[in-house]
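Have a look at the structure below before the remarks.
A, B, ... follow the sequence lines: proteins, then strands. Residue 1 opens every chain. Quick caveat: nothing in here was measured; it's all calculated off a predicted structure.
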2 protein chains.
Amino acid sequence: MFKKVLVAEDLDSISIAVVQVLEELQVPVIHHVKYCDEGLLKIKKALADKEPYDLLITDLSFKSDHRKVNLNSGDELVEAINKVQPNLKKIVFSIEDKSYRIKTLFNELGINAYVSKGRNSITELRNAIESTFNNGEKILSSDLSFNFNDKSLIEIESYDISILKLLSQGYILESISKEFKDLSITPNGTSSIEKRINKLKIYFKANNNVHLIAIAKDFGLV
Amino acid sequence: MFKKVLVAEDLDSISIAVVQVLEELQVPVIHHVKYCDEGLLKIKKALADKEPYDLLITDLSFKSDHRKVNLNSGDELVEAINKVQPNLKKIVFSIEDKSYRIKTLFNELGINAYVSKGRNSITELRNAIESTFNNGEKILSSDLSFNFNDKSLIEIESYDISILKLLSQGYILESISKEFKDLSITPNGTSSIEKRINKLKIYFKANNNVHLIAIAKDFGLV
DNA sequence: GTAATCCTTACGGAAACCCGTAAAGCGCCA
DNA sequence: TGGCGCTTTACGGGTTTCCGTAAGGATTAC
């Protein structure tokens, strides 16, 4: 079993249960942090001391409070860790169940397992830890209904997200076009952007922009 | 201390910690349900058996799965319970931190305490349970930044929420007007509705309807 | 009973959207 | 080089939003 595990989770009510699982699995060294920044620090320190962690279990969203932080989310934490210890095994344990977000975790951040917090997630988490230790096959919570190889949502790329983000911030078409030109994102003609928005509206069955943004918010795209 | 407590919480990772707290407080009977429907059933059963619960600790949002349910949220659960056992003490334990939603919990559903899930929420929860038992003063998590007596958000009423809901579903002004006429909600002239939307836009500093809905989603109003 | 005030509704013009069509730009290939 | 297909951009007209002004109706004040 793993020898040294780091848990990054802000909610104390949840970290208690996670640590319990690790204790049951007889992990000798279990550390727990409530902020992503702390997590990165511990990883770096352990590396410097030649006693690196061999597993990270992290949440995605962290509450913000008075404290100033550099890393705001589990995504950012993993990204930062990948730069210093890319071979670290990583399990994400989060409430998030939107396929779009989870896919990027596997594809772009190279996580080893995703467990969605739910009614039987502790068992799932235990299984994910064991499987991750034993081989290396990617693990996805069984209660997630989407097919991992489904192409449908992967089509929505960062370009679309950028448009949706700006729309949700009250930008009008012309302002978006200008913004894209400044950032040299193409295509950036008002007409092209309009067409892309139209595709999104068809895809999400939205009647108009207001409806589209409401749906995008529900899907966690923005 | 309380003699019989019901915990309604779908995430197993959290309920473990909540039950632990109750055990530490030496509550003799602790029951736990993962669905709101089950919760209402248990409350009714206990009443019929003349062994009613004296405290409810509930989450607000419950994940939906394959199971068909009548009650979808903690709000609905409390509302249903109030009809059968209005004197039951109620503590809400949730991640929600939007003042609008929490205020209605106190004012309309008569909960006794609100504890927001956070980095030290287990301690807060323990305190809330003890205070609720000892007197009856309303308890609000200390880390919630808003002032409970602040009038600002209370101004937004169900009429505004209705408008925002329909907007977020892609309705145009005229359709909203028609819908309101059907439901005999007044005022229902397109002009009046338009004016109300305008007030909301000023209040939330939104540039346009799209922006407004994005903000409303962030605030958890819809 | 009349005036003042507030709320609701109506109206109109400018801006932004929605949606179809057509032109311009660009790579590819013969 | 010229033609083909694809993407990007431009244009135009209808619809909806956006925003100010004003009329009609109800309630309150005196």
Side-chain angles (χ1 to χ4, degrees), chain A residues 151-152 154-219 221-222, chain B residues 151-152 154-219 221-222:
Chain A
K151 287 282 191 306
S152 64
I154 221 156
E155 312 270 337
I156 293 174
E157 19 180 308
S158 65
Y159 180 75
D160 301 275
I161 304 291
S162 301
I163 293 179
L164 292 171
K165 275 227 170 73
L166 293 178
L167 273 179
S168 76
Q169 287 167 24
Y171 282 59
I172 64 173
L173 268 179
E174 215 181 306
S175 311
I176 296 177
S177 164
K178 197 177 293 174
E179 181 80 6
F180 277 10
K181 276 170 192 155
D182 288 350
L183 300 173
S184 31
I185 297 175
T186 57
N188 54 34
T190 57
S191 189
S192 301
I193 296 169
E194 205 178 342
K195 276 211 170 355
R196 195 66 166 248
I197 292 175
N198 206 34
K199 270 189 189 165
L200 289 169
K201 277 190 286 205
I202 292 168
Y203 182 78
F204 286 114
K205 302 189 195 355
N207 297 339
N208 52 40
N209 281 358
V210 177
H211 197 186
L212 177 64
I213 287 309
I215 294 170
K217 282 272 178 192
D218 286 339
F219 273 82
L221 296 176
V222 290
Chain B
K151 287 282 191 303
S152 63
I154 222 154
E155 312 268 337
I156 293 174
E157 19 180 310
S158 64
Y159 179 74
D160 301 277
I161 305 291
S162 302
I163 294 179
L164 292 172
K165 274 224 173 70
L166 293 177
L167 272 180
S168 75
Q169 287 167 27
Y171 282 60
I172 64 173
L173 266 179
E174 216 180 307
S175 311
I176 296 177
S177 165
K178 195 175 295 172
E179 180 81 8
F180 277 9
K181 275 169 193 154
D182 289 350
L183 299 173
S184 34
I185 297 175
T186 59
N188 52 34
T190 57
S191 190
S192 300
I193 296 169
E194 203 177 343
K195 275 209 172 354
R196 196 64 166 249
I197 293 174
N198 206 33
K199 268 188 189 166
L200 288 170
K201 277 191 286 204
I202 291 167
Y203 182 78
F204 286 114
K205 302 190 194 4
N207 298 339
N208 51 41
N209 281 359
V210 177
H211 197 188
L212 177 64
I213 287 309
I215 293 170
K217 282 273 178 192
D218 287 339
F219 272 81
L221 296 174
V222 290

* **Closest-nucleotide ordering on DNA chain D, the 5'-leading residue of Tyr171(B) and Ile193(A)** =>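 This one resolves to Ile193(A).
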* Sugar-phosphate only, base, or nothing, as touched by Leu173(A) at under 4.0 Å among non-hydrogen atoms ->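 Sugar-phosphate, backbone atoms only, no base.
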* Sugar-phosphate, base or nothing in reach of Lys201(B), heavy atoms under 4.0 Å ->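 The answer is sugar-phosphate, as Lys201(B) gets under 4.0 Å only of primed atoms, P, OP1 or OP2.
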* Asked: How far apart are the C-alpha atoms of Glu179(A) and Ser175(A), what are their side-chain angles, what is the distance that settles it, and do they pass the side-chain contact (heavy atoms from CB on, under 4.5 Å) test?
  -> CA-CA 6 Å; Glu179(A) 181 80 6; Ser175(A) 311; over 6 Å; no
* Asked: Does the ring center of Tyr159(B) lie less than 6.0 Å from the ring center of Phe180(B)?
  ->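 Yes, they do, as the ring centres are separated by less than 6.0 Å.
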For [X] and [N], give me the distance from atom [atom1] to atom [atom2], rounded to whole Å.
X         : N       : atom1 : atom2 : answer
Leu167(B) : dC17(C) : CG    : C1'   : 15 Å
Glu174(B) : dC11(C) : CD    : P     : 13 Å
Phe180(A) : dT9(D)  : CZ    : C1'   : 15 Å
Ile185(B) : dT9(C)  : CD1   : C1'   : 18 Å
Ile163(B) : dT8(C)  : CD1   : P     : 11 Å
Leu200(A) : dC17(C) : CG    : P     : 15 Å

* Asked: When rounded to the nearest 0.5 angstrom, what distance separates CD1 in Ile161(B) from CG in Leu200(B)?
  ->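 Taking CD1 in Ile161(B) and CG in Leu200(B), the distance rounds to 8.5 Å.
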* Ser168(A) side chain to Lys165(A) main-chain N or O, any donor-acceptor pair under 3.5 Å? ->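 At least one qualifying donor-acceptor pair exists.
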* Asked: What are the residues of residues 206-216 of chain A, sorted by number, that bring a heavy atom to within less than 4.0 Å of DNA chain C?
  ->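 Within this stretch, Asn208(A), Asn209(A) sit under 4.0 Å of the strand.
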* **Nucleotide nearest Pro187(A) when distance is taken to its side chain, options dT9(C), dT9(D), dC17(C)** =>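 Minimum distance to the Pro187(A) side chain belongs to dT9(D).
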* Step by step, would you call Leu221(B) with Phe204(B) a side-chain contact (heavy atoms from CB on, under 4.5 Å)? -> CA-CA 12 Å; Leu221(B) 296 174; Phe204(B) 286 114; 3.7 Å; yes
* Asked: Could one point to a donor on the side chain of Glu194(A) or the base of dC17(C) with an acceptor on the other under 3.5 Å away?
  ->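 No.
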* Give a yes or no on whether a donor-acceptor pair under 3.5 Å exists between the nucleobase atoms of dT17(D), that is its base, and the side chain of Lys195(B). =>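 Side chain to base: no pair present.
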* Asked: Would you say dT9(C) has OP1 or OP2 under 4.0 Å from some side-chain N or O of Ser192(B)?
  ->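 So the side chain of Ser192(B) is within the cut-off, an N or O lying under 4.0 Å from OP1 or OP2 of dT9(C).
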* To do: Report the C-alpha separation of Val210(A) and Leu212(B) in whole Å, then their side-chain angles, then the decisive distance to 0.1 Å, and conclude whether the side-chain contact (heavy atoms from CB on, under 4.5 Å) test is met.
  => CA-CA 9 Å; Val210(A) 177; Leu212(B) 177 64; over 6 Å; no
* To do: Show your working on side-chain contact (heavy atoms from CB on, under 4.5 Å) between Ile197(A) and Leu173(A) and close with a plain yes or no.
  => CA-CA 10 Å; Ile197(A) 292 175; Leu173(A) 268 179; 3.9 Å; yes
